[in-house]
Structure formats: structure tokens, C-alpha cells
There are 2 protein chains.
Amino acid sequence: MGTGKEIIMTELPNKSEVLKLGNQLCFPLYACAKEVIKIYRKPLEKIGLTYTQYIVMMVLWKFGNMSEKKLGEKIYLDSGTLTPVLKKLEKSGFVKRQRVAEDERFVKIILTDNGVKLKQKALTVPQALEGNIYLSYDEMTKLYDLLNKALEGINKRRKVNDESNDN
Amino acid sequence: MGTGKEIIMTELPNKSEVLKLGNQLCFPLYACAKEVIKIYRKPLEKIGLTYTQYIVMMVLWKFGNMSEKKLGEKIYLDSGTLTPVLKKLEKSGFVKRQRVAEDERFVKIILTDNGVKLKQKALTVPQALEGNIYLSYDEMTKLYDLLNKALEGINKRRKVNDESNDN
DNA sequence: TATTATTAAATTGTGTACAACTTATTTTTT
DNA sequence: AAAAAATAAGTTGTACACAATTTAATAATA
């Protein structure tokens, strides 16, 4: 919590130690995520996006149009959060929301021309990180891998058929 | 986003590469923090806390009573978020909020007897992580260190006189 | 085929999270 | 000491985040 950064182990950790460390991990994870989002806020505001909207747009730019359901699986958000976010993106003119004819339960999220164009403008957003990241490239890579491994673990039971069936 | 986990570098990364990786880092950080908080939700509910309230209580248990200001610095929250959280903790009977006589601007947050007792009950909370963490102890340590280093970097300009002057 | 179960979105209610602003109190300047 | 600046909480408004429920459509089954 805040300080007490050094952890030194000379013996094999038992289950209790592991859980304790896991618990200690929660705070910097929570705080770090929050602070990074804060860094992004201003540059994103300039191009008319919130952080969550930015995440949505990044997925659409990378993987193309998809259903709200699929989108939610990719970014770990349920319809309770996603529906209002998508409605705002629609109001901003970056996406269209369209019921799927073959199965009216699904809503397909479609990038508009403006939504596609926004990708270029968004290229400048990561510059906000400059002067705020004090990790080396190797450290960033390591952090990236560890976070993804942790995420994978959390989703062991959550079957996300990742690339397949593009609803 | 979601996949594309492998990053392989054979040459020295330029600034653009670093920013790009930094940007890629944002999503797993955001998603991982969210998922971990989700894991904690149920066990915390049993002892009558939300995640943010748990963070507050952990700081108070570890460092003792302190002003709202000090608390906010430690957990990266401003009064806009913290004041309502603390009012709820007060209503739940875990803390008292008391103006400081010497400087009426400050509010001191004080653990009640029930607030102190809650620490014992909270010991079972980390067990929620069992079966959800798929990182080795070494990996967790590494992740912990990297997150704290990143946090330190973000706060280079944010002077938190961490342990000192206990307001 | 009629009934039941499942599913994707949408809705509702609670709880953060934060920028911008207000209020009350203390410090600093003049 | 009076005026101005600074500071800690509190307030307001917007935007998630999520559990629980509802609605509408499709699939499964008796």
C-alpha cells in the first residue's frame, strides 16, 4: 500500500504468502490503471472521446465491425455499461448501431466514415504518455506480458472464442 | 487488444515504438484492474465493504488514523470521490469523521472499534484470489515491482511526502 | 407445434471517479 | 490588521461499472 515496495523471499512461499502478495498487488494495479486513464483524459477530450470510448474505437479499428456482444467480450464490459457508451458514440457520429436481420437479438456496431477517419487523429494520443512513463522498453514488455498472463488466468473459465465467429 | 501478446524486439526501440507499446499497455492494465476488483466484490460484500472502501480501510489499518487529505494522497483519490465514500464508511460505523481543532479545514478519519475489529474479518478476503491467479510467486513479485515503478514515475511531479507529517 | 429455456440488449439502482466549482478556514502579503 | 492567496472539504454534473431485472427474439424440448 503506497510504500513497502521491497519483497524478498529466501524460502519457498506457501499458499498464504502467495495470497498475501496477490492482495498487495491489487492496490498498485488499481491505482496505476486509474492514473494512466487520467493521463489520457485530456488528449482524448481533444478528439472527442472518453477513455472507455477510446477502448471501444481501438477494438473496432483493429478488428472491424462486430456485435455489441462480441465487443463486450473483448473489452470485458457487459451491456449495462456498453449500451450507454455505444449510444454516446453513435450520437457523436463515430458508429452506427444496427439490429442484425438474421438474428434481431444482436446489435451490430458499425464504424461510420467519421469513425474511420478518427483513427488518424487518434495517433497523437499516445504522446500523452511522454514524460510520464519511467519504464524501459524491456520493463514495459515484461509488464505487458505479465498483465496479459494474469488476464488469461482470470479468464480460464470465461470462454471467449476470441477471433472466431464474427457476429 | 485481447490478443497479439508476443512482442519481439531485435533492434533498439525508438521513441515511437515506446509510445506505441505504452499505449498497448493501457488496455490490459485497465481490464486487469477491473477484473481483479470484480473478484473481490463478493467476499467484500460479506463483510460490508465495497472495493474502494476496502482500500480505505487497509490504509487506515496499516498507517492509523489520518486526515482525509492524507488518505486521498495515499490512495490517489480527491475529495470529490473520497468524501462520499468516507460518509458511507461512517454510516456503516467503521470510521468517524472529525474536524481537527487546530486547523478546522482538515477532517480526521478515525477508526471506530468496529472498524478495528473488521480487520480480522477481512483476513479471509484475499482467499477470493485462489483459483484466479495463474502467476507464480516470482511473476507476482515482478508485476508488483513494475507497477510500483510505473506509479512512482507517474508521480514524479506529484510530491507525496509519504510517511512524514501525520495530519 | 406449443411450451420452456436461453440469449442479447436495454433498464434500473448503487457506487465510484473526476473536473470544475463553492465554501470555510488559514496563510501570506501588503 | 485588512486584503489577497492558498488550502481542505464539500458540491455538482458527467461518465463509467456492474449486479439484478426486464424485454424481445430465438432455440430447445416435450
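Naming convention: chains lettered A, B, ... in sequence-line order (proteins, then strands); numbering from 1 in each chain.
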Rounded to whole Å, OH of B/Tyr76 lies from P of C/dT16 at a distance of 20 Å
Distance, rounded to the nearest Å, where B/Asp103 contributes CG and C/dT26 contributes P: 5 Å
Walking DNA chain D from its 5' end, the first of A/Asp78 and B/Gly80 to be reached, judged by nearest nucleotide, is B/Gly80
Is a salt bridge present between B/Lys108 and B/Glu68, judged by a nitrogen-to-oxygen distance below 4.0 Å? no
Does this structure show an ion pair linking B/Glu90 with B/Lys96, if we count only N-O contacts that are shorter than 4.0 Å? no
For A/Val85 and for B/Glu45, find the nucleotide of DNA chain D with the closest heavy atom, then tell me which residue's nucleotide is more 5'. A/Val85
Between B/Glu139 and B/Lys142, does at least one N-O distance fall below 4.0 Å, as a salt bridge requires? no
Check the angle between the aromatic planes of B/Tyr30 and A/Tyr51 and answer parallel, tilted or perpendicular using the 30° and 60° thresholds. perpendicular
Value in whole Å for how far the C1' atom of D/dC16 lies from CG of A/Leu77: 9 Å
Whichever of A/Pro84 and A/Tyr30 has the more 5' nearest nucleotide on DNA chain C, that residue is A/Pro84
Flag this pair as yes if the NZ/CZ of A/Lys74 is under 6.0 angstrom from the six-membered ring centre of A/Phe63 and inside a 45 degree cone about the axis; otherwise no. yes
Tell me the interatomic distance from B/Arg41, atom CZ, to C/dT16, atom C1', rounded to whole angstroms. 10 Å
Contact class for B/Thr81 (heavy atom, under 4.0 Å): base, sugar-phosphate, or nothing? base
Report yes if at least one side-chain N or O of A/Lys69 is closer than 4.0 Å to OP1 or OP2 of C/dT7; otherwise report no. no
Can you tell me how far P of D/dA6 sits from CZ of B/Arg105, to the nearest Å? 13 Å
What is the distance, to the nearest angstrom, from the NZ atom on A/Lys38 to the P atom on D/dA15? 18 Å
Given D/dT14, is OP1 or OP2 found less than 4.0 Å from the side-chain N or O atoms of A/Thr50? no
Atom CZ of A/Phe106 and atom C1' of D/dA27 are separated, to the nearest Å, by 12 Å
What is the separation between atom CD on B/Glu73 and atom P on D/dT7, rounded to the nearest whole Å? 12 Å
Under 4.0 Å, heavy atoms only, any strand: does A/Ser79 hit a base, just the sugar-phosphate, or nothing? base
Under a 4.0 Å heavy-atom cut-off, which of residues 86-99 of chain B touch DNA chain C? B/Lys88
If you check the B/Glu68 side chain, which of C/dA19, D/dC16, D/dG10 turns out closest? D/dG10
Would you mind checking if B/Arg41 and B/Glu45 are paired as a salt bridge, meaning a charged N to carboxylate O distance below 4.0 Å? no
Whether B/Tyr54 and B/Trp61 hold their rings parallel, tilted or perpendicular, with breakpoints at 30° and 60°: perpendicular
Quick note, A/Thr52 side chain, CB onward, closest among D/dC16, C/dA9, D/dA9 is D/dC16
